[in-house]
Amino acid sequence: MAETLSTGAESADGLNVTAQQNGDAGGDVRGKRLPGSSEPGSPGIESVPETGKQAPGGEEQASAATLGPGKRKKRRGTTRDRVVPPPKKRRTGVSFSDEHFAETSYYFEGGLRKVRPYYFDFRTYCKGRWVGHTLLHVFSTEFRAQPLAYYEAAVRAGRLHLNEEPVQDLSIVLKDNDFLRNTVHRHEPPVTAEPIRLLAENEDMVVVDKPSSIPVHPCGRFRHNTVIFILGKEHKLKELHPLHRLDRLTSGVLMFAKTAAVSERIHEQVRDRQLEKEYVCRVEGEFPTEEVTCKEPILVVSYKVGVCRVDPRGKPCETVFQRLSYNGHSSVVRCRPLTGRTHQIRVHLQFLGHPILNDPIYNSVAWGPSRGRGGHIPKTDEELLRDLVAEHQAKQSLDVLDLCESDLSPGFTDSTAPSSEVGKDSPEVGKDSPEVGKDSLEVGKDSPEVGKDSPEVGKDSLEEFVPATQKIDGGVEAASQNLDTVAFAPGKAAETDIKNEETDPLCAECRLVRQDPLPRDLVMFLHALCYKGPGFEYFSPMPAWAQDDWKED
């Protein structure tokens, strides 16, 4: 279930390697700059191969954030000024301009909201470990999501810039403070065409009923197909301050403050535990008629994949459940999370043996015959993660895990998190997020939301899941075979010529044929029903699947 104090930022992996946050274990982002949303001439501080999910970027980026907007920690031994001026101070709201909204447009098809492919700049400063190495070395060792032929073709096309000058040769040696910009062709997954309904609006707040499948803010492969962008583009509601976060697959009440002062006031109430929240879900089997309280501690298994489980080493948490109805196969249950851990409601229901009926993670066969009931999982964490990834890769549903094919390659162990690094204790409105930092502010994955709330978030390699040869339909490999034959006009002319095209000769994604999901496949039966606080109370309608007369397919 997912919530997490908002940050509303998008991170982008500097050179088209996606890193993650998402998971969704948010944190307070007040005062932090939005990677990926920089004004022209003000490059953002994007993390390149870091795997963070909402703890933006890696060590360096995190420490820069603590210094305040517009400031960056000076590296040891650096004496000269940076080549590119540091980013300007930004207002604390999630601020995107009309220029950002105009990057592309929506179209609707088969019950889905789709985004036309568009070009996007990923930006990053040179990492300390890259200094003295060539771009060729960096791409071959850290950016393996694309073949070297891609980067060579990108140079010919004028897509790669070093200190705002087109790169002419990948043999160039990187220096401290060098600034890289990579123009990529971006594809976003479809979301439901269901509109975002306004539940309330006044001078202080905007409250909406979020449909399932739409992330709150830019993350992973999502940018325009997010609540923040849809509200800005279709409702002219801009510079909002998200007060909490709902996971991408969770629907229901979502609140935004219109000013920093209101945001601070609500966050104080969150810290003082003055807010109450209620959710409703439909679970497997006959849930007990009496009230059930679960106090099992929750451990984050992987920030990258966004998976948690009950474990004595986890953080303490508490959820109160009450059955509302039973139809002979499944039950509708009201949930009151008294703490805000990542995926709290979903993990506790799994432990109780009543996982959410269509939960793509916690009601998966990957957990074993008992599907995690009573905490019984007959496999190691690494085996569990591999099986979950394999299951969703086979279904072409990696977006559920906030992953994409470019994340999949050897070396999976770094994606797990030791118990000492479990998400931060948060009295905040909700870290109960099905996307452990995924659909939130992600550093890196094409901006996958970082929210992982952990030092693990900044690992250097994103390619830790399955062999790279398993890329879907061999799209990347097929693309690489044709890159040498792609011809471009020199320099900026080539860059200009392609700006308005929906297909790109360098883009492997353009060569893939993907089957659209069915709208019903984008719905998880978990809904934020109500939020209460001092002086306010907001409700959303009960979803159709929670009605007494609902019929299962």
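The figures here come from the full heavy-atom set of this structure, side chains too, leaving out hydrogens, waters and symmetry mates. Keep in mind that this is a model prediction, so the values were computed, not measured.
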Determine whether the side chains of R116 and S105 contain a donor N or O and an acceptor N or O closer than 3.5 Å.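 Distance-only check passes for R116 and S105.
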
Tell me, do L112 and L522 make a side-chain contact under 4.5 Å, heavy atoms counted?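 SC-SC contact between L112 and L522 confirmed.
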
Least distance between heavy atoms, V227 atom then F256 atom: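 It is CG1-CZ, 3.8 Å.
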
Please state whether the rings of F229 and F96 are parallel, tilted or perpendicular, taking 30° and 60° as the class boundaries.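 Judged by the thresholds at 30° and 60°, the geometry between F229 and F96 is tilted.
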
Counting only N and O atoms by type, is there a donor-acceptor contact under 3.5 Å from the side chain of [X] to the main-chain atoms of [Y]?
| X | Y | value |
| --- | --- | --- |
| D504 | C507 | yes |
| H137 | H133 | no |
| S302 | V307 | no |
| K238 | K233 | no |
| D178 | K175 | yes |
| D169 | S171 | yes |
| E383 | T380 | yes |
| N182 | F122 | no |
| S364 | P360 | no |

Cation-aromatic face contact R113/F108, 6.0 Å, 45 degrees: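 Judged by the rule (NZ or CZ under 6.0 Å from the ring centre, within 45° of its axis), R113 is not positioned above F108.
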
Could you check whether K114 makes a cation-pi contact with Y106, meaning its NZ or CZ is under 6.0 Å from the centre of the six-membered ring and within 45° of the ring axis?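 No, a cation-pi geometry is absent between K114 and Y106.
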
Taking it one step at a time, do E509 and R514 satisfy salt bridge (charged side-chain N to carboxylate O under 4.0 Å, His left out)? CA-CA 9 Å; E509 186 74 15; R514 297 182 184 277; 2.6 Å; yes

Do the charged groups of K210 and E194 touch, with an N to O distance under 4.0 Å? no

Could you walk me through whether R223 and E103 pass the salt bridge (charged side-chain N to carboxylate O under 4.0 Å, His left out) test, one step at a time? CA-CA 10 Å; R223 178 171 168 85; E103 290 167 340; 2.8 Å; yes

Please determine whether salt bridge (charged side-chain N to carboxylate O under 4.0 Å, His left out) holds for the pair R181 and E165, giving the CA-CA distance in whole Å, both sets of side-chain angles, and the decisive distance to 0.1 Å. CA-CA 9 Å; R181 176 165 63 88; E165 293 294 329; over 6 Å; no

In E502, E188, H185, the residue satisfying side chain to side chain donor-acceptor pair (under 3.5 Å) with Y118 is E188

